[in-house]
Amino acid sequence: MATQRRRFVKEFNPYVTCYICKGYLIKPTTVTECLHTFCKSCIVQHFEESNDCPKCGIQVHETNPIEMLRLDNTLEEIIFKLVPGLREGEQQRESEFWKRKRPQENGEDGLPNKRLKDDEEETDGNKDYHRSDPQIAICLDCLRNNGQSGENVVKGLMKKFIRCSTRITVGTIKKFLSLKLKLPSTYELDVLCNGEIMGKDHTMEFIYMTRWRLRGENSYPMVLQYRPRIDFG
C-alpha cells in the first residue's frame, strides 16, 4: 500500500493568504466580480480608497464596491483547521482589541455612558434587519409585444430603477410590480432576464451570477423585464 506524502502548511499558502497583508486570511471575503479573496478588514479598507480589485485591477463597482463582497465561511473553517493556533490567536487579539476600546465607550467613572445607552434602547425597536444584506440595483423594464393580450393592463413603471437585497426573490419582485401597477390579484406576470423566464424562487444574487454576469453582461444595473404571462394552453 502506497504511503501518502506528508504535506506542509506552507504548500497551501498561495490559497490561504491575503494578497494585501500577506498574512493568513481572517474572515475571508470574496469579490464576486473576479472571485479574488482577501481578509475582510483588508478589502473593506482598500475599497475606501479605490473601486478596483487590488489583485487584478478590474473595476468592481462604479460607486460602491463593498456591495460586491461575500464572506466565505467554509474557507475560514478550512484555514483554521490547516493552521494550528490561528483561531485561538485571532480570538485573543479580538478580545484584547475590545478591552482597549471599551474605556472609550464608558464615562469617566468607568461606567457605561447613560446617554449612549438610552440612545441604543430608543433605536433598538426600530432595527432594519435587512440593512446588512448585500444590495443590488435593478432596472425593471416592461417588455412589450405587439398585439399581446394584457398589454393595456401592464404599463411601464414611473420609476423603474430600484435597489433591494440580493436575497429578494422573483416572487417578491412580482408582488412589488403588482402593487405598483395596481394589477388584479388574479393577474399573472412573467419576469425575464436575457429573454429567459425566471422561476419565482430565484434570488437576485442567483440571477446576477448565473444569467446576467455569465452571459457577458457587464453593464449595471441588472435589467429584468416583465410582461403578461403567456398561456400556451
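Count residues from 1 along the sequence. Bear in mind the structure is a predicted one, so any value in this text is a computation, not a measurement.
The shortest side-chain heavy-atom distance between Pro228 and Tyr187 falls under the 4.5 Å cut-off. Inter-residue side-chain proximity for Val83 and Val16 is flagged as unmet; no heavy-atom pair is nearer than 4.5 Å. At a threshold of 4.5 Å between non-hydrogen side-chain atoms, the residues Met204 and Cys164 count as touching. For the pair Glu94/Ile26, no side-chain contact is recorded, criterion being any heavy-atom separation below 4.5 Å from C-beta on. Side-chain contact between Cys18 and Tyr24 is absent, with no heavy-atom pair separated by less than 4.5 Å. Looking at Cys139 and Lys160, their side chains come closer than 4.5 Å, going by heavy atoms from C-beta outward.
The shortest heavy-atom contact between Pro14 and Glu11 is CD-O, 3.7 Å. Closest non-hydrogen pair, Ile136 versus Ser165, comes out as CG2-O, 4.3 Å. Heavy atoms only, all atoms of each residue included: Pro221 and Trp212 are closest at O-CZ2, 3.8 Å. In terms of heavy atoms, Asn13 sits closest to Thr17 at O-OG1, 2.6 Å.
From Leu25, atom CG reaches atom CD1 of Ile20 across 10.0 Å, with rounding to the nearest 0.5 Å. Here the straight-line distance linking atom OH of Tyr226 with atom CG of Asp141 works out to 7.5 Å at 0.5 Å rounding. Atoms NZ and CG, on Lys155 and Leu157 in that order, are 12.5 Å from each other to the nearest 0.5 Å. The CZ atom of Arg227 lies 6.0 Å from the CG atom of Leu143; values are rounded to the nearest 0.5 Å. One finds the CZ atom of Arg211 at 5.0 Å from the NE2 atom of His202 (value rounded to the nearest 0.5 Å). Distance CD/Gln91 to CG/Leu86: 10.0 Å, rounded to 0.5 Å.
Within 6.0 Å of atom OH in Tyr15, 12 or fewer heavy atoms from other residues, nucleotides or ligands are found, so the atom counts as exposed in its surroundings. Crowding of Lys182 atom NZ: a count of heavy atoms from other residues, nucleotides or ligands under 6.0 Å not exceeding 12.
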Could you give the side-chain donor-acceptor pairs of residues 38-59 under 3.5 Å, partners two or more places apart or in another chain?
residue	atom	partner	partner atom	Å
His46	NE2	Asp52	O	2.8
Ser50	OG	Asp52	N	3.1
Asn51	ND2	Glu62	O	2.9

N/O donor to acceptor pairs below 3.5 angstrom from side-chain atoms of residues 172-181, sequence neighbours left out:
residue	atom	partner	partner atom	Å
Thr172	OG1	Thr169	OG1	3.3
Lys174	NZ	Leu189	O	3.3
Ser178	OG	Lys174	O	3.0

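Ile78 and Phe12 fall within the same hydrophobic cluster, defined by Ile, Leu, Val, Met, Phe, Trp and Tyr side-chain heavy atoms under 4.5 Å apart, directly or through other members. One hydrophobic cluster, built from ILVMFWY side chains closer than 4.5 Å, holds both Met209 and Met68.
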side-chain contact (heavy atoms from CB on, under 4.5 Å) between Thr30 and Leu75, intermediate numbers included: CA-CA 10 Å; Thr30 299; Leu75 179 57; 5.9 Å; no
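Sorted pairs that involve residues 66-86 and meet ring-ring contact (aromatic ring centres under 6.0 Å, His included), not counting sequence neighbours, are lacking altogether. Residue pairs meeting the salt bridge (charged side-chain N to carboxylate O under 4.0 Å, His left out) criterion with at least one partner in residues 74-84, sequence neighbours excluded, are Glu77-Arg87.
Here Gln225 pairs with nothing under the side-chain hydrogen bond (donor to acceptor under 3.5 Å, both in side chains) rule; sequence neighbours left out. Every residue two or more places apart in sequence or in another chain was checked for a side-chain hydrogen bond (donor to acceptor under 3.5 Å, both in side chains) with Asp72, and none qualifies.
Salt-bridge check for Glu96 with Arg93: failed, with every basic side-chain N at 4.0 Å or more from each acidic carboxylate O.
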